[in-house]
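Whatever order the structure lists ligands and atoms in, that order sets their numbers, starting from 1.
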Amino acid sequence: MLNLEREASWAAAPGHCYVVSTPLGNLGDITARAVLVLKSVSVIACEDTRVTRQLLQYLGIERPLISYRDENERLMAETLLERLKNNDSVALVSDAGTPTINDPGFRLVRACRKAGVPVVPLPGPCALIAALSASGLPTDAFFFAGFVPPKSGGRQAFFESHLETTHTVVAYESCHRVERSLEAAFIALGPDRVIAVAREITKRFESFYVGPLSQVKAQCAADPVKGEYVLIIAPKGFVL
Ligand code: SAM
């Protein structure tokens with residue numbers, strides 16, 4: 001049960017910047033604390049105002065939105081910092097998942113830290129953590145590599161660089177390149193290296209393919225449904 005007294009203390013405080021995780025696909029994954037903060041901040045800085053407006057509509061929240069995206073991040077970080085210094089509160093969200101993780105936000109958070117403005121994380125959905133936690137691959141030590149390099153030379157070098165790893169490697173990949181990435185991984189790491197491919201986490205076509213690269217590559221090639229992917233490479237020598 002939610003405790004109303006404690007809930008009241010969750011509301012946004014003046015001059016605070018909140019880094020708010022939002023659902024990857026299933027709107028039920030928004031947290032109670034995120035709802036209260038989004039409801040009470042002065043302004044919500046978001047990537048695509050249409051995407052965030054849909055979430056707010058679902059939650060029955062009306063707050064001013066300001067577009068904060070890769071293209072205007074430098075300028076908006078300064079603008080938002082000024083507002084925070086003037087005691088406005090700001091919630092930073094991205095289209096899905098945790099802001100700043102391969103999404104805009106880093107510049108604002110760094111500027112806040114430099115200026116002594118409090119930054120408060122509201123943890124929640126994050127594709128890499130969701131994928132890793134359900135993969136069955138080792139979770140005790142892992143390296144998050146961001147996106148697999150998009151060009152063929154960089155992609156091949158990327159997988160080769162993880163041949164000898166003793167930790168798990170997690171990377172993001174787009175639907176346009178996943179098959180090329182699995183082919184490059186197969187060449188660099190060999191058919192027996194264990195890999196997990198997590199697709200469309202929390203969405204209708206969520207699926208996990210986990211096993212040796214030879215098997216997972218064939219399964220993905222045979223699956224006509226595409227979407228958003230997380231690739232997870234097991235440490236060398238790991239057996240499922
Ligand atoms: N900030 C986001 C997070 O917290 O995960 C990541 C944003 S990044 C621009 C988008 C990439 O994250 C996608 O290309 C995909 O690799 C991964 N991703 C996002 N949502 C996903 C989902 N539902 N299932 C699988 N991967 C997802």
Side-chain angles (χ1 to χ4, degrees), residues 17-31 33-34 37-38 44-52 54-55 58 67-73 91-110 119-137 139 142-151 154-155 158-159 162 168-182 184-185 195-210 216 219-220 223-233:
C17 176
Y18 295 87
V19 182
V20 182
S21 297
T22 57
L24 296 171
N26 187 325
L27 294 177
D29 290 336
I30 192 81
T31 69
R33 192 169 161 227
V37 165
L38 290 174
I44 299 172
C46 61
E47 274 190 279
D48 184 335
T49 49
R50 289 163 303 182
V51 172
T52 300
Q54 267 184 10
L55 174 68
Y58 168 77
S67 166
Y68 178 100
R69 50 187 201 282
D70 286 334
E71 297 75 29
N72 70 1
E73 197 177 353
L92 176 67
V93 301
S94 57
D95 287 349
T98 302
T100 79
I101 306 301
N102 279 100
D103 266 339
F106 161 72
R107 284 203 166 75
L108 174 61
V109 173
R110 179 178 61 180
V119 181
V120 182
L122 267 72
C126 180
L128 78 103
I129 297 298
L132 180 64
S133 67
S135 68
L137 272 52
T139 52
F142 69 91
F143 171 71
F144 174 57
F147 275 95
V148 175
K151 295 203 178 135
R155 181 190 303 130
F158 170 82
F159 288 109
H162 298 300
T168 298
V169 176
V170 186
Y172 286 160
E173 186 52 290
S174 84
C175 59
H176 310 293
R177 291 187 288 267
V178 68
E179 283 184 38
R180 272 174 276 175
S181 264
L182 289 173
I195 190 163
V197 175
R199 183 194 64 197
E200 295 285 275
I201 303 165
T202 77
K203 301 188 200 175
R204 180 165 170 222
F205 292 108
E206 176 180 285
S207 49
F208 279 74
Y209 294 115
V210 185
V216 169
Q219 287 171 322
C220 288
D223 189 340
V225 178
K226 303 294 173 218
E228 299 198 273
Y229 293 86
V230 182
L231 306 183
I232 308 177
I233 303 163

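- Using modelled atom types and a 3.5 Å distance limit, the side chains of Asp103 and Ser94 yield a donor-acceptor pair.
- If you look at ligand 1, the protein residues with a non-hydrogen atom under 4.0 Å away are Leu24, Ala96, Gly97, Thr98, Ile101, Asn102, Asp103, Cys126, Ala127, Phe147, Tyr172, Glu173, Ala198, Glu200, Ile201, Lys203, Glu228, Tyr229, Val230.
- The side-chain hydrogen bond (donor to acceptor under 3.5 Å, both in side chains) search around Asn102 returns none, not counting sequence neighbours.
- Side chains of Tyr68 and Glu73: a donor-acceptor N/O pair is present below 3.5 angstrom, by distance only.
- By the side-chain hydrogen bond (donor to acceptor under 3.5 Å, both in side chains) test, Thr168 is found to be paired with no residue, residues two or more places apart in sequence or in another chain being considered.
- Residue Cys126 comes nearest to Thr98 through the heavy atom pair CB-OG1, 3.4 Å, listed as atom of the first residue, atom of the second, then distance.
- Residues passing the side-chain hydrogen bond (donor to acceptor under 3.5 Å, both in side chains) test with Tyr229: none are found, sequence neighbours excluded.
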